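Encoded as structure tokens, the structure appears first; notes follow it.
Just so it is clear, the structure is predicted and the values come from calculations on it, not from any experiment. One is the number of the first residue; the rest follow in order along the sequence. Ligands are counted one by one from 1 in listed order, and the atoms in each one are counted from 1 as well. Quick note: numbers below take in every heavy atom, side chains included, and nothing from hydrogens, waters or symmetry partners.
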Amino acid sequence: MCGIIGILGNDPVAWRLVDSLRRLEYRGYDSAGIAVSEKAGVRRIRAQGKLSGLESEIRNNSEPKGTSGIGHTRWATHGGPTTRNAHPHKSGRVYIVHNGIIENFKLLKDKLTAKGAEFQTDTDSEVVAHMIDDALSQGASPRDAVASVLSKLEGAFAFAILFAGDDDLLIGARRGSPLAIGHGEGENYLGSDAIALAPLTNKVTYLEDGDWVVLTRQSVEIFNEDNQPVSRDVSFTQATTMMVDKGRHKHFMAKEIAEQPDVVGHTLAEYVDLAEMKVDFGERMPFDFNNINRLTITACGTAFYAGQVAKYWFEKYARLPVEVDIASEFRYREAPLSDGGLALVISQSGETADTLAALRYCKQHGQHLAAVVNVPESTISRESDLVLRTYAGPEIGVASTKAFTCQLTVLACLAIHAARQRGTMDEATERRLVGALSEVPRHMNTIFDGESHIDQVARQVAGARDVMYLGRGVNFPIAMEGALKLKEISYIHAEGYAAGELKHGPIALIDEEVPVVVIAPKDELFDKTVSNMEEVAARGAKVVLITDAKDVHSGGASVLETINIPAADSFISPFLFCVPVQLLAYHAAVFMGTDVDQPRNLAKSVTVE
Ligand code: G6P
């Protein structure tokens, strides 16, 4: 989603802005732009598409030499992804970059139009530039103008605002969308996350909701939503200054899939005592699962599927009732939550707008708040009582892979912890399950040995119009995750179904053209899944069977391809079955030539609803 950078520096800033925008690319965007303060006024350069377009524009237009400026990567919401709609937007002296959605922009735009304002773009963001400019023209100072405008805006936003004629002033504001201040030596910065700021400084202040800030090179003044001066902590970010690279891989997604044995191992090491073969949350846990009567899990996208897997674990092992909901639904459906419940949100970025809203809803309704998050300095981390980090490292590919398996790792450990505390699991079972978890990295590596076969299978799937994924029990969410991966990066229509639900509708879609990926671990549901496979095979479907069973007696059903994975304790099957479905999607997309790491229309971090 949109990325923001602002720099009040001492050296020419144009390429520094672009460098930071490059670090924000992973969020997903479709146009980019910068505005740089020069003696003669502000130079604005924008381009549709990837940053390379913006770089060419900068080179071809005599590079700006000014030392203060703002930059933006835009993920279009209002108005198409064109150069005209790219940020920064301007009105008079005011140049603005915006992340979020101004919900009352239509009303505000109509008022401004009635007063004679002329709009250059179709965006909601331009309205804010005009409003600030309007306030300036009535004699307000930049800070008073911004304060008065902020109070009139509805929706979610983060802004960085530059004023032509004042190259030592930058104003930022946040409500809903994240924004951080970077503190440099005789320089100050604004950025939508610590990753953007990392090469500039590791001293960061995260603005709280409603805060706004006036920056000069030497000063930082923060105000809350009541325009009262406030002080906010300075923290030392752990965000890496290294530009994360693809290593020997062609895509970040391939690298991140391959990193899973390592990062699952690192995450596991945080939550288990391998010498004793038991989970160990140390002093972290602020509540006792004996006092928790219900668990409410909310998340979006891939993180939601991790939550769905966890439901099976918590219900089976800890006998704890679990509800899992998509955050965008949960936040508005006025779910009754009784005291003593635990709300668990799952988010790679820790910034997803709907997940954050769900967390806040649960807070208002007296729930204990826990979060499984990959970015420790994110808003969700900061607003949760208990933060259970995943140690996936920066995930750059838009389609989530390693964050998912790290989320599963934390959730599996938490479910075991809950079960032990509630007395629903004995020590021997805990030892067995922790032992199984410790074998996940090794088994994942074995699956990679068969990657070239999965590549061959993927080429057969690549031409399909529709692909169906079937799974049962704890692997039903893996079927949905497999389908999500395929549609995200290859743009092939795919659906994940509970295998038993097949005959209640989806079987009507089956013909010789439809590959069906059957996820069939050798567990207590294996025979039932194989029966469902036969039902689709009998109707001509091209079956791709993923299984850890040695022999599958399919009753004569013809299986196009079988992807064998190592036999392991069925507790860890979601960890292992998700790897071939990730690889299947990846290789299908590579074969089809799509933009694997930044698929069309998608964003890594969805900070608007
Ligand atoms: C976007 C990303 C997905 C991700 C989802 C939730 O849709 O493209 O990969 O699963 O957001 O993101 P979160 O950061 O909350 O896990």
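Applying the 4.0 Å criterion to heavy atoms of Q348 picks out, from ligand 1, the atoms 13 (P), 14 (O), 15 (O), 16 (O). Counting atoms of ligand 1 from 1 in the listed order, those under 4.0 Å from a heavy atom of T302 are 10 (O). Against a heavy-atom cut-off of under 4.0 Å, K604 is close to the following atoms of ligand 1: 1 (C), 2 (C), 11 (O). Taking every non-hydrogen atom of S400 and a distance limit under 4.0 Å, the qualifying atoms of ligand 1 come out as 9 (O). The distance from ligand 1 to the heavy atoms of S347 drops below 4.0 Å at these ligand atoms: 13 (P), 14 (O), 15 (O), 16 (O).
Distance from atom 9 (O) of ligand 1 to its nearest protein heavy atom, with residue and atom name: V398 O, 3.0 Å. Given atom 5 (C) of ligand 1, the protein heavy atom at minimum distance is C300 O, 3.9 Å. Closest to atom 13 (P) of ligand 1 among all protein heavy atoms lies T352 OG1, 3.2 Å.
Using a 4.0 Å cut-off between a side-chain N of Lys or Arg and a carboxylate O of Asp or Glu, E208 and R174 do not qualify as a salt bridge. Salt bridge annotation for D211-R175: absent, with no cationic side-chain nitrogen under 4.0 angstrom from a carboxylate oxygen. A salt bridge links E55 with R22: at least one charged nitrogen is closer than 4.0 Å to a carboxylate oxygen.
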- Yes or no on salt bridge (Lys or Arg N to Asp or Glu O under 4.0 Å) for K363 and E383, after CA distance, side-chain angles and deciding distance? CA-CA 9 Å; K363 186 171 206 159; E383 295 196 14; 5.5 Å; no

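Where the criterion is an N or O separation shorter than 3.5 Å, residue side chain and backbone included, I346 fails it with respect to ligand 1. For ligand 1, the polar-atom distance check against G350 finds no nitrogen or oxygen pair separated by under 3.5 Å. Residue T355 has no nitrogen or oxygen atom sitting less than 3.5 Å from a nitrogen or oxygen atom of ligand 1, judged on distance alone.
When heavy-atom distances to ligand 1 are checked against a 4.0 Å cut-off, A603 comes that close only through its backbone atoms N, CA, C and O. Only the side chain of V606 comes within contact range of ligand 1, with a heavy atom under 4.0 Å; no backbone atom does.
Annotation: the span from S20 atom OG to Y189 atom OH amounts to 9.5 Å, rounded to 0.5 Å.
With sequence neighbours excluded, the residues that form a ring-ring contact (aromatic ring centres under 6.0 Å, His included) with H89 are H87.
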Atom pairs and distances, side-chain donor-acceptor, residues 301-308, under 3.5 Å, sequence neighbours left out:
residue : atom : partner : partner atom : Å
T302    : OG1  : E481    : OE1          : 3.0
T302    : OG1  : E481    : OE2          : 3.4
T302    : OG1  : K485    : NZ           : 3.0

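Contact record, W313 with L408: CZ3-O, 3.4 Å, taken as the closest heavy-atom pair.
Contact annotation: the side chain of L207 approaches that of I181 to within less than 4.5 Å [non-hydrogen atoms, C-beta and beyond].
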